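Predicted model only: the values in this text are computed from it and were never measured. To find a chain, count down the sequence lines: A is the first, B the second, and so on, and within it residues start at 1.
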Amino acid sequence: MPYDHKEIEPKWQKRWEESHAGEVREDPSKKGDALYHLVMFPYPSGEGLHVGHVESYTGLDIVTRMARMNGQHILFPMGFDAFGLPAENYAIKTGVHPAETTKRAIENFTRQMKSVGFSFDWSRALSTSDPEYYKWTQWIFLQFFKNGLAYKKKAPVNWCESCKTVLANEQVIDGACERCHHAVAQKDLEQWFFNITKYVEQLLGGLDDLDWPESLKTMQRNWIGKSEGAEINFAVCRPDTNIRVFTTRPDTLFGATYLILAPEHELVDAIVTDDFRAKVEAYKVQASKKSALERSEMQKEKTGVFTGAFALNPATEEKIPIWIADYVLSTYGTGAIMAVPAHDERDREFAEVYHLSIKDIVPEENEFGTKKTTYRLRDWLVSRQRYWGAPIPVVYDPEGKAHPVGEEHLPLLLPIDVDFRPEGESPLALSESYRQLAENLYGEGWRFEVDTMDTFVDSSWYFLRYCDPSNATMFAGHDKLDYWCPVDVYVGGVEHAVLHLLYARFFCYALHDLGHLNFTEPFLKLRNQGMILGPDGQKMSKSRGNVINPDDVVADFGADTLRMYEMFMGPFEDDKPWDTNGILGVRRFLDKVWRLAEQVKHQRPDVKKIERELHKTIKKVSEDTAAMKFNTAISQMMIFVNHATAKGIGLGELSTFIQLLAPYAPHLAEEIWKMLGQTGSVFESPWPMFDEALAQDEKIQMPVQVNGKVRTTLEVASDITEEEALLLAQADENVKKYLGLGEVKKVIFVKGRLLNLVV
RNA sequence: GCCGGGAUGGCGGAAUUGGCAGACGCGCAGGACUCAAACUCCUGUAUGGGCAACCAUGUGCGGGUUCGAUUCCCGCUCCCGGCACCA
């Protein structure tokens with residue numbers, strides 16, 4: 001008989017909720033065992049929970065549940081990354097306020113997550129759009145501002161015309177907006193930045209000791225883009241000035257036959273000669289029109305123009321021409337390069353197009369230039385010209401000078417009287433109440449900053465707030481932070497490699513320096529779940545129509561089946577396609593477990609039938625679960641249940657097995673645990689002890705090879721000696737046949753493994 | 001171009017880090033139960049040959065080390081991901 005998940009699952013969910021089972025409190029006597037397990041909190045979209053969320057949360061939920069049964073004291077919270085564009089775009093379309101949309105989405109997500117049976121501490125749930133939360137986002141901004149880590153400057157920034165806002169470098173993918181894929185343009189705007197580059201060396205060096213996937217560390221290293229070389233000064237011949245260039249190959253200076261400046265370089269106007277001014281101006285205009293996307297698409301054809309000016313190569317003392325070209329970027333190095341066409345492919349290509357001289361040289365050390373390290377990483381642009389985010393707590397005096405909003409005025413609430421339609425200026429600029437509030441607090445002519453913060457600011461510290469979510473005087477109390485932090489295990493998608501994960505690290509380094517944290521690295525161990533693809537092997541998307549909705553799966557097969565199937569599909573970190581039949585196999589497995597329980601529930605508890613198999617299973621499930629190798633742990637449980645179905649099982653043995661199953665299929669496990677006459681919750685029982693002696697096989701199958709090929713398999717005692725094995729092997733007919741060829745020259749015996757005879 | 005990861009049956013995947021390749025699940029084929037269907041259970045299922053025991057071949061391709069290689073070394077091919085006129 002199949003069990004009725006529709007009856008069992010809601011019953012236990014209700015019971016857990018009423019017993020506050022997931023809640024955890026600081027307890028000095030348990031500090032040594034205190035762990036912090038964290039999953040990346042979701043953006044509460046209207047689409048609801050995705051099977052990818054379920055995968056990530058189930059994985060860590062299983063590890064957490066097992067560790068708790070092992071006596072560990074674990075913080076495992078959940079919350080919502082609730083500010084963001086989709087809710088605002090929805091508001092533009094329908095007029096429903098983002099706060100309302102978000103509230104509904106959070107309720108739906110919460111219902112869905114509870115229906116899957118995650119053991120989160122719901123008493124600590126938070127939402128970044130809650131004023132009690134963003135009060136502290138703003139407070140942190142103020143600390144950064146007061147300590148020079150947040151500043152405003154005019155700079156060329158990424159502008160998405162479709163989203164009507166600026167974007168951080170990290171949010172530009174292949175020259176397009178990461179959200180809407182619209183081409184990103186460059187604009188000169190005055191914007192707020194966080195000085196993440198101040199921590200570039202620490203962010204790079206800190207990676208070494210982290211237990212993170214190597215690929216992800218590499219992505220962060222690439223993004224930081226450290227490059228060591230030299231800066232060399234070139235004297236310009238006519239206007240009396242110098243051009244500094246950055247190069248990683250100062251040893252090729254003798255081969256530098258021209259200089260190139262980025263079109264935006266500040267010295268271009270000063271050095272260009274009258275004869276070339278018109279051409280240079282035209283080129284600059286043309287270059288500024290190109291988006292980053294177009295620039296990279298035009299990689300093949302290099303273009304540039306001569307400025308009419310010359311510089312002196314300090315090594316050769318030759319006059320070399322100065323050009324401008326858009327293959328040199330104003331944002332990297334000094335925005336100027338020395339071109340060595342003999343040693344650099346790009347320079348050679350350019351030289352060939354414009355018939356510039358190419359000078360073959362042997363690289364050699366020289367005394368010119370000074371050592372210099374450059375980085376690709378830029379400061380983090382945090383202002384957004386959008387509504388649904390935390391207001392930047394800055395106020396401008398009538399002269400336009402920026403001042404921090406007084407901490408006593410926090411939270412600086414998002415006004416409600418706004419027009420959502422983004423016109424390139426923040427909707428907050430249109431709020432009459434916001435304008436009045438500034439004047440009431442600061443006087444006539446004072447204005448609040450009208451931009452809001454990038455939502456990645458909100459998510460850069462949420463894991464700190466979980467430690468002390470209702471603290472009204474601080475973002476989290478020192479004692480609470482010391483008790484739980486840093487995060488021991490963090491699970492989430494790889495898409496945040498250079499976004500959230502880099503920003504959150506920066507926050508912790510900065511807050512540490514400001515005296516608010518006793519640690520620097522927030523996430524000691526990190527694992528990425530793979531992507532669950534649609535049954536067609538493609539990424540799930542509405543337009544493809546291949547989306548699997550967790551609600552449907554819970555309704556049809558039950559939450560335990562959903563959890564277990566997602567863990568059984570393949571290695572946790574791998575991408576894997578959904579298989580509609582595969583989930584049936586997992587449900588069949590759980591039904592088999594149910595049938596076993598029905599069979600043995602009236603048995604005496606001390607009957608032992610398959611002790612050896614049970615202890616092998618305890619070992620395998622314990623080790624594999626801890627290592628997040630869920631698929632092989634489940635495979636072993638299936639082997640065990642097949643065995644038990646065939647050979648019979650004792651009630652005590654089944655109870656032990658149910659403990660192993662519990663982290664994976666918590667509802668069914670609770671039900672069977674009770675059915676077998678056990679008292680209390682299965683999660684209050686201690687994790688089964690593994691006994692090596694009981695798992696030991698007496699007899700093993702030992703393959704016998706002749707010249708490395710298996711010729712027979714002997715059933716022998718597991719501790720058989722080489723001599724005994726050799727005698728048995730030589731008596732075997734098939735082995736004799738192959739030994740007949742000659743004398744045994746060599747015997748290889750691997751104890752408990754195999755015997756190989758070489759002739 | 002640079003960096004990281006990968007390639008194993010019809011499919012998802014497993015293999016104690018050098019020791020019986022294909023565990024477990026799906027699918028498929030045959031059988032039992034049933035008036036019948038569903039559920040469940042049993043048997044088989046890498047490929048070729050053979051009634052069979054067994055034999056040969058086989059982990060992307062080509063070499064190598066070893067008694068023994070999916071695993072280690074050298075040289076390729078293809079796929080996925082990241083970065084990229086980054087000087």
Side-chain angles (χ1 to χ4, degrees), chain A residues 1-2 173-174 213-227 229 245-249 252 256 260 262 295-296 298-302 325-329 331-340 343-347 349-350 374-376 494-495 497-498 531 537 565 568-571 573-586 588-589 591-592 595 619-620 623 629 631-642 645-646 701-713 733-734 737 744-750 752-759:
Chain A
M1 272 309 115
I173 312 292
D174 292 333
E214 206 46 52
S215 59
L216 204 141
K217 289 194 198 181
T218 305
M219 282 163 76
Q220 284 212 358
R221 289 191 188 108
N222 285 347
W223 187 260
I224 290 168
K226 181 174 180 169
S227 178
V245 306
F246 174 74
T247 178
T248 53
R249 295 295 306 276
T252 62
I260 302 184
R295 272 202 187 189
S296 62
M298 298 202 174
Q299 275 181 35
K300 293 286 166 325
E301 308 136 40
K302 294 213 170 11
D326 65 5
Y327 82 88
V328 173
L329 308 174
T331 51
Y332 186 78
T334 60
I337 64 159
M338 63 177 204
V340 187
H343 282 267
D344 185 286
E345 224 178 285
R346 295 154 301 172
D347 296 344
E349 202 186 308
F350 190 79
T374 62
Y375 303 89
R376 214 185 74 99
V494 72
E495 66 274 14
V498 292
M531 203 194 304
Y565 172 61
F568 185 60
M569 293 170 83
E573 324 79 49
D574 288 8
D575 294 350
K576 51 238 158 196
W578 187 273
D579 177 2
T580 322
N581 287 316
I583 194 160
L584 274 164
V586 171
R588 278 201 278 268
F589 162 73
D591 282 332
K592 265 191 203 178
R595 267 181 265 126
K619 182 181 164 76
K620 181 80 176 157
E623 288 176 358
K629 289 157 78 173
N631 55 331
T632 49
I634 293 169
S635 157
Q636 178 61 36
M637 289 193 257
M638 288 172 167
I639 292 170
F640 177 80
V641 168
N642 289 342
T645 304
Q701 301 291 320
M702 178 172 278
V704 178
Q705 301 181 333
V706 179
N707 290 336
K709 297 203 166 179
V710 180
R711 294 306 176 186
T712 194
T713 306
E733 285 305 317
N734 209 36
K737 201 166 97 195
V744 176
K745 293 201 191 90
K746 197 170 171 186
V747 177
I748 288 117
F749 178 72
V750 185
R753 268 279 129 74
L754 95 165
L755 180 69
N756 186 12
L757 309 175
V758 185
V759 291

Original post:
Considering residues at least two apart in sequence or located in another chain, which fulfil the ring pair (Phe, Tyr, Trp, His ring centres under 6.0 Å) criterion with A/F568?
Top reply: none

**OP:** Describe the nucleic acid contact of A/R221 in one word from base, sugar-phosphate, nothing, applying a heavy-atom distance below 4.0 Å.
**Re:** nothing

**OP:** Using the P atoms only, state how far B/A21 lies from B/G58, rounded to an integer number of Å.
**Re:** 12 Å

Original post:
Nearest 0.5 Å, what's the CG-CE distance between A/L755 and A/M702?
Top reply: 7.0 Å

Subject >> Side chain of A/Q705 (C-beta onward), nearest among B/A87, B/G12, B/G19 >> reply: B/G19

Original post:
If the C1' atom of B/G12 is compared with that of B/G27, how far apart are they to the nearest Å?
Top reply: 11 Å

Original post:
A/D347 versus A/I337: any side-chain heavy-atom pair under 4.5 Å?
Top reply: yes

Original post:
For B/C11, which nucleotide in any strand shown is its Watson-Crick or wobble partner with both distances under 3.5 Å?
Top reply: B/G25

**OP:** Provide the distance between the two P atoms, one in B/U57 and one in B/G62, to the nearest whole Å.
**Re:** 15 Å

**OP:** Please name all residues satisfying salt bridge (charged side-chain N to carboxylate O under 4.0 Å, His left out) with A/R595, sequence neighbours left out, ordered by chain then number.
**Re:** none

Original post:
B/G9: syn or anti, with syn meaning chi within 90° of zero?
Top reply: syn

Original post:
Contact class for A/S215 (heavy atom, under 4.0 Å): base, sugar-phosphate, or nothing?
Top reply: sugar-phosphate

**OP:** Give a yes or no on whether a donor-acceptor pair under 3.5 Å exists between the nucleobase atoms of B/C67, that is its base, and the side chain of A/K746.
**Re:** no

Original post:
Atom NE2 of A/H343 and atom OG1 of A/T247: how far apart are they, to the nearest 0.5 Å?
Top reply: 11.5 Å

Subject >> For atom NZ of A/K745 and atom P of B/C67, their distance in whole Å >> reply: 12 Å

**OP:** For A/L754, answer base if it contacts any base atom (sugar-phosphate contacts may also be present), sugar-phosphate if it contacts only those atoms, and nothing otherwise; contact means non-hydrogen atoms under 4.0 Å.
**Re:** base

Original post:
For A/T632, which residues count as a side-chain hydrogen bond (donor to acceptor under 3.5 Å, both in side chains) partner, sequence neighbours excluded?
Top reply: A/D624

**OP:** Could you work out the separation of B/U8 and B/C61 based on their P atoms and round it to a whole Å?
**Re:** 10 Å

**OP:** Can you sort out the partners of A/F350 under ring pair (Phe, Tyr, Trp, His ring centres under 6.0 Å), two or more places apart, ordered by chain and number?
**Re:** A/Y258, A/W323, A/Y327, A/Y354

Original post:
Checking all strands, does A/Q701 fall into the base, sugar-phosphate, or nothing category for heavy-atom contacts under 4.0 angstrom?
Top reply: base

Subject >> Protein-nucleotide distance (A/I260, atom CD1; B/C85, atom C1'), rounded to Å >> reply: 10 Å

Subject >> Strand partner of B/U59, provided both Watson-Crick or wobble distances fall under 3.5 Å >> reply: none

Original post:
Nearest to the side chain of A/I639 - B/A87, B/C24, B/G19?
Top reply: B/C24

**OP:** Using the P atom as the reference point in each nucleotide, state the distance between B/U70 and B/G19 in Å, no decimals.
**Re:** 10 Å

Between the protein and nucleotides 53-56 of chain B, which nitrogen or oxygen pairs are less than 3.5 angstrom apart?
residue : atom : partner : partner atom : Å
B/C55   : OP1  : A/R711  : NH1          : 3.2
B/C55   : OP1  : A/N734  : ND2          : 3.4
B/C55   : OP1  : A/Y738  : OH           : 3.2
B/A56   : OP1  : A/R711  : NH2          : 3.4
B/A56   : OP2  : A/R711  : NH1          : 3.3

Original post:
Among all residues two or more places apart in sequence or in another chain, which pass the salt bridge (charged side-chain N to carboxylate O under 4.0 Å, His left out) test with A/E733?
Top reply: A/K736

Original post:
Considering only heavy atoms from C-beta outward, does the side chain of A/M338 approach that of A/T252 to under 4.5 Å?
Top reply: yes

Original post:
Who are the salt bridge (charged side-chain N to carboxylate O under 4.0 Å, His left out) partners of A/K226, not counting sequence neighbours?
Top reply: A/E201

Subject >> Paired nucleotide for B/U40 [Watson-Crick or G-U wobble; both distances under 3.5 Å] >> reply: B/A32

**OP:** Rounded to whole angstrom, note down the P distance from B/G64 over to B/U16.
**Re:** 26 Å

Original post:
Can you tell me how far the NZ atom of A/K592 sits from the CZ atom of A/R588, to the nearest 0.5 Å?
Top reply: 9.0 Å

Nucleotide N/O of nucleotides 25-31 of chain B paired with protein N/O under 3.5 Å:
residue : atom : partner : partner atom : Å
B/G25   : OP1  : A/N642  : ND2          : 3.1
B/C26   : OP1  : A/R588  : NE           : 3.1
B/C26   : OP1  : A/R588  : NH2          : 2.8
B/C26   : O2'  : A/D579  : OD2          : 3.4
B/G27   : OP2  : A/R588  : NH2          : 3.4

**OP:** Report the distance from atom CZ of A/R753 to atom P of B/G19, rounded to the nearest whole Å.
**Re:** 7 Å

Original post:
What does B/U17 pair with, Watson-Crick or G-U, if both distances are under 3.5 Å?
Top reply: none

Original post:
Using the P atom in both, what is the distance from B/A56 to B/U77, to the nearest Å?
Top reply: 35 Å

Original post:
What is the pairing partner of B/G4, taking Watson-Crick or G-U wobble pairs with both distances under 3.5 Å in any strand?
Top reply: B/C80

Subject >> Rounded interatomic separation in angstrom, taking NZ from A/K629 and P from B/G13 >> reply: 16 Å

**OP:** Evaluate the side-chain hydrogen bond (donor to acceptor under 3.5 Å, both in side chains) criterion for residues A/K746 and A/N756: first the C-alpha distance (whole Å), next the side-chain angles of each, then the deciding distance (0.1 Å), finally the verdict.
**Re:** CA-CA 8 Å; A/K746 197 170 171 186; A/N756 186 12; over 6 Å; no

Subject >> Distance in angstrom units between A/I634 CD1 and B/A14 P, rounded >> reply: 12 Å

**OP:** Could you check how far CD of A/E573 sits from C1' of B/G6, rounded to whole Å?
**Re:** 13 Å

Subject >> Nearest to side-chain heavy atoms of A/K576, which nucleotide of B/C41, B/A87, B/G13 >> reply: B/G13

**OP:** Take A/S227 and A/M569, find for each the nucleotide of RNA chain B with the closest heavy atom, and name the residue whose nucleotide sits nearer the 5' end.
**Re:** A/M569

Subject >> Residue list, ring pair (Phe, Tyr, Trp, His ring centres under 6.0 Å) with A/W223, at least two apart or on another chain >> reply: none

**OP:** Under a 3.5 Å limit for both distances, which nucleotide forms a Watson-Crick or G-U wobble pair with B/U70, could you say?
**Re:** none

Subject >> For A/I583, side chain to side chain contact (heavy atoms under 4.5 Å, CB included) partners two or more places apart >> reply: A/V553, A/F557, A/T561, A/Y565, A/W578

**OP:** Give A/P2 one of three labels, base, sugar-phosphate or nothing, depending on what nucleic acid heavy atoms sit under 4.0 Å from its own.
**Re:** nothing

Subject >> Of A/D591 and A/N756, the one whose closest RNA chain B nucleotide lies more 5' >> reply: A/D591

Original post:
Got a sec, which residues hit side-chain hydrogen bond (donor to acceptor under 3.5 Å, both in side chains) with A/T374, two or more places apart in sequence or on another chain?
Top reply: A/Y332

**OP:** For B/C67 versus B/G18, give the span between their C1' atoms, rounded off to a whole number of Å.
**Re:** 12 Å

Extract from the structure each pairing of a protein N or O with an N or O of nucleotides 78-83 of chain B at less than 3.5 Å, listing the distance.
residue : atom : partner : partner atom : Å
B/C83   : O3'  : A/R376  : NH1          : 3.1

Original post:
Whole Å only: how far is the CD atom of A/E623 from the P atom of B/A15?
Top reply: 12 Å

Subject >> Rounded distance in Å - CD (A/E349) to P (B/C85) >> reply: 14 Å

